[in-house]
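All remarks here apply to the structure that follows.
Remember, it's a predicted structure, so these values are computed and weren't measured experimentally. One-based numbering, in listed order, for ligands and for the atoms of each. Computed from heavy atoms alone, side chains included, the values below leave out hydrogens, waters and symmetry copies.
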Amino acid sequence: MKTVRLPSGENVPALGLGTWMIGDDAQRRADEIAALRRGMDLGLSLIDTAEMYGEGASERIVGEAIAGRRTEIFLVSKVYPHNASREGTVAACERSLKRLGTDHLDLYLLHWRGQHPLAETVAAFEGLKAAGKIRYWGVSNLDAGDMNELKGVPGGSGVAANQVLYNLSRRGIEWDLLPLMQARGIPVMAYSPVEQARLLKDRRLAALAADHGVSVAQLALAFVLDRDGVIAIPKAGRAAHVEDNAGALDIVITDELRAALNALYPPPRRATPLEMI
Ligand code: NAP
């Protein structure tokens, strides 16, 4: 398994499992749990969830999927910005732990910036860390300016990751945020790495993937995984899709393939505002 190094020196899987929309349809529950378990079997043992997803439904399914296997998993969840006050963050974390059926999170993220000052959220995260409720904390949807601001907040240099939108069709972070994160040794977690399946409908990309004997999802994921310090967290509610995605780890992006991908989806030529889904 390819891994990515956290600032602490600990390595985590570069390919994990997203869970947005998992738990939204009760009829899909068994398939979704099976998909998550298949992912764990394949070593995709980083699971990303959030209190927002299905208002706790996703965390409950993850809890069921990881029951008895907690020690295999690097578990990530997120606090809603409106809960991210000094006390609210702690209370939200306790609720997430309960739904997940665990006593600690490996990584706890601020889902996006809201009305609460970063200093308050960071203080709450540091308190949770000291109490053993979380091992690391991080942020999500913070742009380069936000990351610089965070660095100036007391305790802000303890940030362990920033989860942002990144895929072939959303390459804006390559201009400023990704180099900044790489220089600081803080991983980027690429969310929506197959653009919520929209990339999979691109006929030109499909032709390129076919030429290389891989699936479109594999090619899109391999592009993201090729970057230093980037963790991809595709969501797949079907075991077959999880298996397909795991195959991305075997793909080498050669210079020729990179040039072909750049021709289809050019890198940014100027700074652009960080996009969000
Ligand atoms: P995504 O992973 O880019 O795409 C998910 C979609 O792609 C699902 O419809 C899935 O179908 C399909 N898919 C996945 N692998 C496939 C394959 N091999 N073949 C065919 N279809 C495939 O989008 P996402 O869910 O938005 O992003 C991934 C994760 O990132 C989320 O689940 C969440 O954990 C996180 N996220 C975070 C934020 C944030 O603000 N921090 C925002 C968005 C997402 P099936 O489900 O049918 O398998």
Side-chain angles (χ1 to χ4, degrees), residues 13 15-25 27-39 42 44 46-54 57-59 61-62 65 73-81 84 96 100 105 107-114 137-143 146 161-170 173 177 187-202 205-206 209 214-225 230-251 274-277:
L15 184 61
L17 303 164
T19 66
W20 192 14
M21 318 271 187
I22 276 183
D24 284 5
D25 176 355
Q27 300 200 326
R28 301 227 61 254
R29 187 179 185 90
D31 282 351
E32 290 169 343
I33 290 173
L36 289 171
R37 291 201 176 136
R38 185 73 187 117
L42 293 167
L44 313 185
L46 182 153
I47 301 184
D48 178 79
T49 185
E51 63 171 332
M52 186 192 97
Y53 301 162
S58 165
E59 287 182 325
I61 296 233
V62 171
I73 305 304
F74 189 89
L75 186 57
V76 186
S77 194
K78 311 184 197 79
V79 57
Y80 260 130
S96 286
L100 288 159
L105 296 172
L107 177 63
Y108 198 32
L109 307 177
L110 171 63
H111 209 147
W112 65 90
R113 276 191 85 164
W137 63 265
V139 292
S140 177
N141 295 300
L142 261 60
D143 65 16
D146 294 322
N162 184 12
Q163 186 176 119
V164 295
L165 176 60
Y166 182 48
N167 65 50
L168 265 174
S169 62
R170 313 270 199 164
I173 69 164
L177 183 60
V188 162
M189 297 179 74
Y191 75 67
S192 308
V194 298
E195 184 63 18
Q196 301 190 319
R198 287 183 287 278
L199 272 175
L200 312 182
K201 296 184 192 112
D202 178 337
L205 194 60
V214 300
S215 73
V216 192
Q218 286 173 339
L219 184 55
L221 292 173
F223 163 80
V224 168
L225 292 170
V230 176
I231 298 162
I233 46 166
K235 175 261 180 181
R238 289 154 224 278
H241 287 167
V242 171
E243 285 165 12
D244 185 42
N245 294 344
L249 291 162
D250 301 325
I251 299 172
L274 179 65
E275 295 179 282
M276 275 177 77
I277 284 185

* To do: Mark up the atoms of ligand 1 that fall under 4.0 Å of a heavy atom belonging to A217, in ascending order.
  => 17 (C), 18 (N)
* Structure fact -> Residue, atom and distance of the protein heavy atom nearest atom 43 (C) of ligand 1 read Y191 CD1, 3.2 Å
* Asked: Can I231 and V188 be said to form a side-chain contact (heavy atoms from CB on, under 4.5 Å), step by step?
  -> CA-CA 6 Å; I231 298 162; V188 162; over 6 Å; no
* Asked: For D31, what residues pass the side-chain contact (heavy atoms from CB on, under 4.5 Å) criterion, not counting sequence neighbours?
  -> R28
* Could you tell me whether the side chains of D244 and Q218 share a donor-acceptor contact shorter than 3.5 Å? => yes
* Within reach of ligand 1, part of Y53 (heavy-atom separation under 4.0 Å) -> side chain
* Asked: Atoms of ligand 1 less than 4.0 Å from H111 heavy atoms?
  -> 39 (C), 40 (O), 41 (N)
* Would you say the side chains of S96 and E59 form a donor-acceptor pair under 3.5 Å? -> yes
* Asked: Just heavy atoms, cut-off under 4.0 Å: does K78 contact ligand 1 by side chain, backbone, both, or neither?
  -> side chain
* Structure fact -> Taking only non-hydrogen atoms of G18 and a 4.0 Å limit, the atoms of ligand 1 in range are 29 (C), 32 (O), 34 (O)
* Structure fact -> Of H241, E195, R28, the one whose closest heavy atom lies nearest atom 11 (O) of ligand 1 is H241
* With heavy atoms only and a cut-off of under 4.0 Å, state how P193 meets ligand 1: side chain, backbone, both or neither. => both
* Structure fact -> Between L199 and P193, the two heavy atoms sitting closest are CD1-O, 4.0 Å
* To do: Take L165 and M276 through the side-chain contact (heavy atoms from CB on, under 4.5 Å) test and state the conclusion after the steps.
  => CA-CA 6 Å; L165 176 60; M276 275 177 77; 5.8 Å; no
* What do we get for A197 next to ligand 1 when only non-hydrogen atoms under 4.0 Å count, side chain, backbone, both or neither? -> both
* Structure fact -> Note: heavy atom closest to atom 3 (O) of ligand 1, options V242, V194, I233, belongs to V194
* To do: Around atom 47 (O) of ligand 1, find the nearest protein heavy atom and jot down its residue, atom name and distance.
  => R238 NE, 2.7 Å
* Polar contact flag, side-chain donor to acceptor under 3.5 angstrom, Y53-K78 -> yes
* **Nearest neighbour in protein (non-hydrogen) for atom 8 (C) of ligand 1** => K235 O, 3.8 Å
* Just jot down the ligand 1 atoms closer than 4.0 angstrom to any heavy atom of G237, in number order. => 45 (P), 46 (O), 48 (O)
* Asked: Closest heavy-atom contact between N162 and L142?
  -> ND2-O, 2.8 Å
* Side chains of S77 and E51, donor plus acceptor under 3.5 Å -> no
* Asked: Which residue owns the protein heavy atom closest to atom 40 (O) of ligand 1, what's the atom, and how far is it?
  -> N141 ND2, 2.9 Å
* With a cut-off of 4.0 Å, which atoms of ligand 1 are near a heavy atom of P234? -> 2 (O)
* Which is it for A236 and ligand 1 at heavy atoms under 4.0 Å: side chain, backbone, both or neither? -> both
* Asked: How would you list, by chain and number, every residue that makes a side-chain hydrogen bond (donor to acceptor under 3.5 Å, both in side chains) with N167, sequence neighbours excluded?
  -> S169, E195
* Structure fact -> D24 and G54 have their tightest heavy-atom pair at OD1-CA, 3.7 Å
* Considering non-hydrogen atoms only, spot the tightest contact between P234 and L15 and give its length. => CD-CD1, 3.6 Å
* Residue and atom name of the nearest protein heavy atom (relative to atom 27 (O) of ligand 1), distance in Å to one decimal -> S192 N, 3.0 Å
* To do: Could you tell me the residue and atom name of the protein heavy atom closest to atom 31 (C) of ligand 1, and the distance to it rounded to 0.1 Å?
  => W20 CB, 3.6 Å
* Where on L109 is there a heavy atom closer than 4.0 Å to ligand 1, on the side chain, on the backbone, on both, or on neither? -> neither
* Asked: Is a side-chain donor-acceptor pair under 3.5 Å present for N141 with Q163?
  -> no
* Can you pull out the closest protein heavy atom to atom 15 (N) of ligand 1? Residue, atom name and distance to 0.1 Å, please. => N245 ND2, 3.1 Å
* Structure fact -> The closest protein heavy-atom partner of atom 34 (O) of ligand 1 is D48 OD2, 2.6 Å
* **L200-ligand 1 polar pair, N/O distance under 3.5 Å** => no
